[in-house]
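These notes are about the structure you will find just below.
Each residue takes its place number in the sequence, starting with 1.
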Amino acid sequence: MLNFKTIELTDKKLLDSYLTHSGYRICDFSFSNLFCWQGRYETCFDIVNGFLVIRFLTVEEKLPVYMMPVGSGNLQKVIRILMDDARINNYPFRMMSITQEMFLELDKCFPDTFTYTPLRGSADYIYETENLILLKGKKYQSKRNHINKFKSEHPDYEFSLISRENISECLDMMHKRWCIQNGCDESDMLHSESYAVRKALKNFEALQLSGGVIRTNAKIVAFSFGQAITEDTFGVHVEKAEHAMNGAYTIINQQVAEHIGCDYKYMNREEDLGLESLRKAKLSYNPAILLEKGLVQLK
């Protein structure tokens with residue numbers, strides 16, 4: 001019988017022992033994402049026969065769905081346990097955030113049992129870190145232009161790492177400026193995001209997050225942070241900047257890649273959520289991998 005529990009900070013070491021060694025580069029397998037967003041998705045977990053099992057609720061239907069179990073042992077047996085859990089609790093068995101690689105594993109265990117439906121808005125954008133740092137070539141000309149313009153307009157700018165000394169300033173920027181500019185109180189999604197960002201910043205050290213800020217005129221105008229997902233991939237969970245300040249998003253992106261992402265081959269900048277403007281922005285950086293994720297359910 002499964003015994004799901006909510007995710008606490010004290011669970012980080014345990015969950016990381018499964019997540020960071022899974023080999024899956026998806027942003028969903030970051031402890032900080034799971035912990036900070038569980039208020040919206042009611043995320044919970046259990047350890048079953050040597051596998052970490054994660055369950056969450058869909059926003060619209062409020063129905064439980066499972067993520068891919070990660071661990072070692074008999075995957076088929078664990079999937080059967082999840083299928084029984086769904087049946088006992090009288091809801092359809094479904095899995096989300098499933099890559100093609102994961103689906104092949106599932107299909108090997110249960111041939112011709114499941115259907116797989118790609119969800120374009122859930123695909124992860126993964127970039128070669130070197131490209132984000134150097135921005136070389138014609139395809140990055142506009143990015144270099146934005147950065148150069150920012151530097152010329154703000155010659156006093158400086159980059160520094162997020163630390164306990166400037167976290168309160170990041171919180172102020174998010175709550176007093178970014179959220180007001182973007183209408184967080186008028187959007188359920190943005191309200192949830194602002195809550196998740198604040199939760200991450202308030203637990204920054206405990207979550208072992210890494211990030212940086214851009215400051216001009218002694219004021220933070222952009223910040224970004226994230227966490228390693230695998231040994232070769234750093235996940236950028238949050239990136240916020242003053243919209244009215246040309247190039248602020250571009251320069252914080254480049255600086256975080258240079259100062260933090262430099263130890264990783266790839267940077268996962270997460271999903272576009274089906275938002276056209278966000279999709280356009282993420283595609284403009286020329287992802288090396290568009291990591292498809294989708295929905296798995298019984299035929």
Side-chain angles (χ1 to χ4, degrees), residues 7 11-37 43 45 51-52 54 67-72 96-105 118-136 140 143 161-162 196-197 200 204 207-212 223-240 249-250 252-273 278-279 281-294:
I7 300 171
D11 297 316
K12 177 173 169 53
K13 184 176 181 180
L14 172 62
L15 268 64
D16 277 349
S17 69
Y18 290 91
L19 296 171
T20 58
H21 300 294
S22 70
Y24 299 125
R25 293 193 180 101
I26 62 172
C27 64
D28 313 74
F29 278 176
S30 161
F31 177 84
S32 51
N33 269 346
L34 293 169
F35 174 73
C36 293
W37 282 91
T43 313
F45 80 96
F51 284 82
L52 168 65
I54 298 168
M67 294 176 69
M68 183 71 174
V70 289
S72 59
M96 291 188 71
S97 298
I98 302 298
T99 66
Q100 281 281 0
E101 178 186 2
M102 295 173 185
F103 180 67
L104 290 176
E105 293 181 55
L119 302 174
R120 177 63 180 83
S122 297
D124 282 3
Y125 290 77
I126 300 176
Y127 306 83
E128 291 186 8
T129 304
E130 184 178 12
N131 290 337
L132 297 183
I133 295 172
L134 300 177
L135 299 173
K136 292 173 63 176
Y140 291 109
K143 306 301 181 187
L161 298 178
I162 293 178
V197 172
F204 199 84
L207 289 169
Q208 298 177 305
L209 294 164
S210 300
F223 69 86
S224 177
F225 61 80
Q227 182 180 54
I229 299 174
T230 65
E231 292 182 356
D232 70 352
T233 304
F234 183 84
V236 179
H237 300 330
V238 172
E239 185 179 85
K240 301 299 176 189
Y249 272 105
T250 315
I252 189 64
N253 184 331
Q254 188 276 331
Q255 288 287 288
V256 165
E258 180 177 338
H259 293 280
I260 298 171
C262 56
D263 293 328
Y264 302 87
K265 182 177 181 180
Y266 297 106
M267 296 186 74
N268 183 329
R269 293 179 52 77
E270 304 198 349
E271 310 157 339
D272 64 35
L273 306 175
L278 193 54
R279 179 169 301 178
K282 290 181 183 289
L283 287 173
S284 71
Y285 277 97
N286 304 289
I289 303 167
L290 189 59
L291 187 58
E292 181 184 275
K293 296 181 294 186

Determine whether the side chains of Asn33 and Glu270 contain a donor N or O and an acceptor N or O closer than 3.5 Å. yes
Intermediate values then yes/no, side-chain contact (heavy atoms from CB on, under 4.5 Å), Phe29 and Asn268: CA-CA 11 Å; Phe29 278 176; Asn268 183 329; over 6 Å; no
Dump the intermediate steps for side-chain contact (heavy atoms from CB on, under 4.5 Å) on Ile260 and Leu161, then the final yes or no. CA-CA 9 Å; Ile260 298 171; Leu161 298 178; 4.1 Å; yes
Is there a side-chain contact between Thr43 and Ile54 in this structure, where contact means two heavy atoms from C-beta onward sitting under 4.5 Å apart? yes
So do Asp272 and Arg120 actually touch side chain to side chain, heavy atoms under 4.5 Å? yes
Which heavy atom of Gly71 sits nearest to which heavy atom of Phe51, and what is that distance? N-CD2, 3.4 Å
Taken in chain and number order and not counting sequence neighbours, the residues that satisfy salt bridge (charged side-chain N to carboxylate O under 4.0 Å, His left out) with Asp232 are Arg25
To the nearest 0.5 angstrom, please state how far the CD atom of Glu258 sits from the CG atom of Leu132. 11.5 Å
Taking C-beta and beyond as the side chain, do Gln208 and Phe31 meet within less than 4.5 Å on heavy atoms? no
Exercise: identify the closest heavy-atom pair between Val256 and Ser224: CG2-CB, 3.8 Å
All heavy atoms of Lys143 vs all of Ala281, minimum pair found to be NZ-O, 4.5 Å
For the pair Leu134 and Tyr140, evaluate side-chain contact (heavy atoms from CB on, under 4.5 Å) and give the outcome as yes or no after the intermediate values. CA-CA 9 Å; Leu134 300 177; Tyr140 291 109; over 6 Å; no
What's the spacing between Ile7 CD1 and Trp37 CH2 if we round to 0.5 Å? 14.0 Å
Specify the closest pair of heavy atoms between Leu207 and Cys36, including all atoms of both residues, with the distance to one decimal. CD1-SG, 3.8 Å
Ring pair (Phe, Tyr, Trp, His ring centres under 6.0 Å) partners for Phe45, two or more places apart: none
Aromatic Phe35 / basic Lys12 pairing, under 6.0 angstrom, 45° off normal: no
Roughly how far apart are Ser32 OG and Phe204 CZ, rounded to 0.5 Å? 9.5 Å
Looking at CG of Leu119 and CG of Leu273, how far apart are the two atoms once the value is rounded to the nearest 0.5 Å? 12.0 Å
For Phe103, ring pair (Phe, Tyr, Trp, His ring centres under 6.0 Å) partners two or more places apart: Tyr116
Across all chains, not counting sequence neighbours, the salt bridge (charged side-chain N to carboxylate O under 4.0 Å, His left out) partners of Lys293 are Asp28, Asp124, Glu271
Can you list the residues that meet the salt bridge (charged side-chain N to carboxylate O under 4.0 Å, His left out) rule with Glu239, with sequence neighbours excluded? Arg269
For Phe223 versus Ile252, what's the shortest heavy-atom pair and its separation? C-CG1, 4.0 Å
With rounding to the nearest 0.5 Å, note down the distance linking CD1 in Ile98 to OH in Tyr24. 8.5 Å
Over 12 foreign heavy atoms within 6.0 Å of CD, Glu231: no
State, yes or no, whether a side-chain contact exists between His237 and Leu209 at a heavy-atom distance under 4.5 Å. yes
Just by distance, do the side chain of Gln254 and the backbone of Ile133 share a donor-acceptor pair under 3.5 Å? yes
Closest heavy-atom contact between Tyr264 and Thr129? O-OG1, 2.9 Å
Residue set satisfying side-chain hydrogen bond (donor to acceptor under 3.5 Å, both in side chains) with Lys282, at least two apart, ordered chain then number -> none
Out of curiosity, Leu290 CG to Tyr125 OH, how far, rounded to the nearest 0.5 Å? 5.5 Å
side-chain contact (heavy atoms from CB on, under 4.5 Å) between Lys265 and Thr233, intermediate numbers included: CA-CA 6 Å; Lys265 182 177 181 180; Thr233 304; over 6 Å; no
